[in-house]
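To start, the structure itself, in structure tokens.
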Amino acid sequence: MWLRLILPFILSFVAIGCALHGAALAQIIDPHTVYETRCARCHAEHSGDFSRKSMIAQPDGLLVGRQTGTPMTEFLASHRGAPTQAEIAALIDMFARQLRTGGLYKRKCSICHVRAKRLARVRLDIRDGRLVDRVTGRDITAFLKEHGQLDPGEVRLIDAMLRWQLKTAGR
């Protein structure tokens, strides 16, 4: 008798545990990989160049095609290659970030450094909430304040962009 009473509670806890475990294991979608493997063949090699050439961010944050005015979420949902909703969301987030930075990394950093994606993912890490050089342990946020002739706003943008690169790589 008591088993019939508590069995629904046990099953509920098991179901919740499985759902939480599945959410924790949810795959991180790397928008750069999606773009490079599925979009770059027909569009610009670099997604930042593509987003700045082909899209406009409206005041409310909605991304639309520069020529068509079509919201990018709608366009991508019916675009060749049939991206999933999760891939579309990851691409839209990346494109919006690239539009907000306006090519800052390309203008100020790519003179000396490889692409931001590679620099961050090969050389940088997050340790105790700090962005650091994997090899030297140098605090990159502090370093940026004296490097590359960046003003304080640009330091914040580059720092956030490098951290995002690591996050979308699954680190």
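Predicted, not measured: the structure shown is a model, and the values here were computed from it. Only heavy atoms go into these numbers, but all of them, side chains included; no hydrogens, no water, no symmetry mates.
Going from atom CH2 of Trp164 over to atom CG of Leu157 covers 13.5 Å, rounded to the nearest 0.5 Å. To the nearest 0.5 Å, the span separating CZ on Arg115 from NZ on Lys106 amounts to 8.0 Å. Expressed to the nearest 0.5 Å, how far CZ of Arg118 lies from NE2 of His32 amounts to 14.0 Å. Atom-to-atom distance recorded for Ile140:CD1 and Leu162:CG is 8.0 Å, nearest 0.5 angstrom. To the nearest 0.5 Å, the span separating CG on Leu63 from OG on Ser54 amounts to 11.5 Å. Taking CG of Leu76 as the start and CD of Gln85 as the end, the distance is 9.5 Å to the nearest 0.5 Å.
The heavy-atom pair separating Gln165 from Ala120 by the smallest distance is CB-CB, 3.6 Å. Of all heavy-atom pairs spanning Phe95 and Ser51, the tightest one is CD2-CB, 3.8 Å. Pairing each heavy atom of Pro31 with each of Ala90, the nearest pair is CB-O, 3.5 Å. Taking every heavy atom of both residues into account, Thr33 and Thr37 meet most closely at O-OG1, 2.7 Å. Nearest heavy-atom pair across Glu36 and Ala40 is O-CB, 3.8 Å. Of all heavy-atom pairs spanning Ile28 and Gly170, the tightest one is CD1-CA, 3.5 Å.
Under the 4.5 Å side-chain heavy-atom criterion for grouping Ile, Leu, Val, Met, Phe, Trp and Tyr, Val114 is connected to Leu131 within one hydrophobic cluster. No chain of hydrophobic side-chain contacts below 4.5 Å, direct or via other Ile, Leu, Val, Met, Phe, Trp or Tyr residues, connects Leu99 to Ile158. Connection of Met94 to Leu119 is not established within any shared hydrophobic cluster, with ILVMFWY side chains joined at heavy-atom distances below 4.5 Å, either directly or through further cluster members.
Taking the side chain as every heavy atom from C-beta outward, Arg38 and Glu87 approach each other to under 4.5 Å. Side-chain contact between Arg66 and Lys53 is absent, with no heavy-atom pair separated by less than 4.5 Å.
Among pairs with a residue in residues 153-162, those fulfilling side chain to side chain donor-acceptor pair (under 3.5 Å) read Lys108-Glu154, Thr141-Asp159, Asp159-Arg163, at least two apart in sequence or across chains.
Partners of His43 under the side-chain contact (heavy atoms from CB on, under 4.5 Å) rule, at least two apart in sequence or in another chain, are Tyr35, Cys39, Phe50, His79. Taking Asp60 as the reference, Gln58, Leu62 meet the side-chain contact (heavy atoms from CB on, under 4.5 Å) condition, with sequence neighbours excluded. Checked against side chain to side chain donor-acceptor pair (under 3.5 Å), Ser78 has no partners two or more places apart in sequence or in another chain. Taking the side-chain contact (heavy atoms from CB on, under 4.5 Å) definition, one finds that Ala142 meets it with Asp139, sequence neighbours left out. In this view, Arg127 and Asp125, Val132, Arg134 satisfy the side-chain contact (heavy atoms from CB on, under 4.5 Å) rule, not counting sequence neighbours.
Put simply, the side chain of Arg130 never gets that close to the backbone of Ile126: no donor and acceptor are under 3.5 Å apart. Counting only distance, with no hydrogens or angles, the side chain of Arg100 and the backbone of Ala57 share no donor-acceptor pair below 3.5 Å. No donor-acceptor pair closer than 3.5 Å links the side chain of Glu74 to the backbone N or O of Pro71.
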(request) In sequence, state the C-alpha distance, the side-chain angles, and the governing distance for Met55 and Gln98, and then conclude on side chain to side chain contact (heavy atoms under 4.5 Å, CB included). (result) CA-CA 10 Å; Met55 297 171 216; Gln98 291 166 334; over 6 Å; no
(message) Please evaluate residues Thr168 and Arg121 with respect to the criterion side chain to side chain donor-acceptor pair (under 3.5 Å), reporting the C-alpha separation (whole Å), side-chain torsions for both, the decisive distance (0.1 Å), and the verdict.
(response) CA-CA 10 Å; Thr168 59; Arg121 295 174 183 189; 2.8 Å; yes
(message) I'd like to know whether Met161 forms a side chain to side chain contact (heavy atoms under 4.5 Å, CB included) with Arg97, so could you lay out the CA-CA distance, the side-chain angles of the two residues, the decisive distance to 0.1 Å, and finally the verdict.
(response) CA-CA 8 Å; Met161 186 243 336; Arg97 288 171 183 276; over 6 Å; no
